[in-house]
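Heads up: the structure comes next, in structure tokens.
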Amino acid sequence: MIAVAINEVSNLVMCVSVIMMYVYLYGDKTKVVHKWSFVGHWTLKLGLIGIICGSALNVLTLSDPPMTEVVLNVGLAMTFVWAYLFHRKMFNEKLRK
């Protein structure tokens, strides 16, 4: 039961942080991601969408994965929160200079 709760929280955090990153990267047509090649642009876009959908479905279905997957989900959630905060801080500081 505790593994399900930890998995729920980590998937919710992952879903929200990746949505925020998606909006940050694709919400403004002036971002560098729009200048990438077709393959680079769509690989990132579809990858982020896949993570959003997968983590949202895990939350909605109350999935009960093995403990190894719970640990993986916690690690991914923490990494995506860090990535969003890092990109936002780094690129906003570059714009101010």
Side-chain angles (χ1 to χ4, degrees):
M1 192 64 159
I2 233 145
V4 174
I6 292 170
N7 194 51
E8 283 292 303
V9 171
S10 65
N11 275 286
L12 186 61
V13 168
M14 192 180 336
C15 186
V16 170
S17 63
V18 176
I19 287 171
M20 290 168 60
M21 182 164 240
Y22 183 91
V23 170
Y24 180 74
L25 291 172
Y26 289 100
D28 183 359
K29 293 288 183 188
T30 63
K31 300 283 185 189
V32 70
V33 74
H34 294 286
K35 298 175 186 168
W36 289 356
S37 69
F38 178 83
V39 172
H41 175 79
W42 281 99
T43 301
L44 177 61
K45 193 172 204 171
L46 292 175
L48 292 173
I49 290 169
I51 293 166
I52 292 165
C53 293
S55 59
L57 286 171
N58 280 344
V59 170
L60 294 174
T61 61
L62 289 169
S63 67
D64 186 12
M67 188 50 84
T68 54
E69 190 174 329
V70 173
V71 172
L72 175 67
N73 288 340
V74 169
L76 288 172
M78 292 170 66
T79 302
F80 286 122
V81 168
W82 175 87
Y84 169 72
L85 295 173
F86 172 79
H87 281 86
R88 189 165 171 109
K89 181 178 192 284
M90 187 176 89
F91 290 112
N92 285 346
E93 284 179 3
K94 281 185 179 180
L95 291 175
R96 284 188 213 130
K97 291 180 182 181

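Everything numeric in this text was worked out from a predicted model, so none of it was measured.
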Given the rule that I, L, V, M, F, W and Y join up when any side-chain heavy atoms are under 4.5 Å apart, are [X] and [Y] in one cluster?
X     : Y     : value
Tyr24 : Met14 : yes
Leu57 : Val9  : no
Leu62 : Val74 : no
Leu60 : Val16 : no
Val59 : Met78 : no

- [ ] Determine, stepwise, if the pair Val23 / Met20 fulfils side-chain contact (heavy atoms from CB on, under 4.5 Å).
- [x] CA-CA 5 Å; Val23 170; Met20 290 168 60; 5.9 Å; no
How long is the span from the [atom1] atom in [X] to the [atom2] atom in [Y], to the nearest 0.5 Å?
X     : Y     : atom1 : atom2 : value
Leu76 : Glu69 : CG    : CD    : 9.5 Å
Ser37 : Trp42 : OG    : CH2   : 13.0 Å
Leu12 : Ser17 : CG    : OG    : 9.5 Å
Asn11 : Thr61 : CG    : OG1   : 8.5 Å
Met90 : Leu85 : CE    : CG    : 13.0 Å

Open item on the list: If the condition is side-chain contact (heavy atoms from CB on, under 4.5 Å), which residues does Leu44 pass it with, not counting sequence neighbours?
Closed with: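 Leu44: side-chain contact (heavy atoms from CB on, under 4.5 Å) contacts with Leu25, Tyr26, Val33, Trp36, Leu48.
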Open item on the list: Whether Lys89 engages the ring of Tyr84 as a cation-pi pair (distance to the six-membered ring centre under 6.0 angstrom, angle to the ring normal within 45°) should be assessed.
Closed with: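 Here Lys89 fails the 6.0 Å and 45° test against Tyr84.
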TODO: Could you check whether the rings of Phe86 and Trp82 sit parallel, tilted or perpendicular, using 30° and 60° as the cut-offs?
DONE: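 Parallel.
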Open item on the list: For Asn73, give me all partners under side chain to side chain donor-acceptor pair (under 3.5 Å), at least two apart in sequence or on another chain.
Closed with: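 With sequence neighbours excluded, Asn73 shows a side chain to side chain donor-acceptor pair (under 3.5 Å) to Asn7, given in chain and number order.
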Task: Counterpart residues, side chain to side chain donor-acceptor pair (under 3.5 Å), relative to Tyr22 (two or more places apart) - done: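 Side chain to side chain donor-acceptor pair (under 3.5 Å) check on Tyr22 returns nothing, list empty.
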Task: Donor-acceptor contact below 3.5 Å, side chain His87 vs main chain Ala83 - done: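 The answer is yes, because a donor-acceptor pair under 3.5 Å joins these two groups.
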Open item on the list: Would you say that Val70 contacts Pro66 through its side chain, given a criterion of any heavy-atom pair below 4.5 Å between the two side chains?
Closed with: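 No, too far: nothing below the 4.5 Å cut-off.
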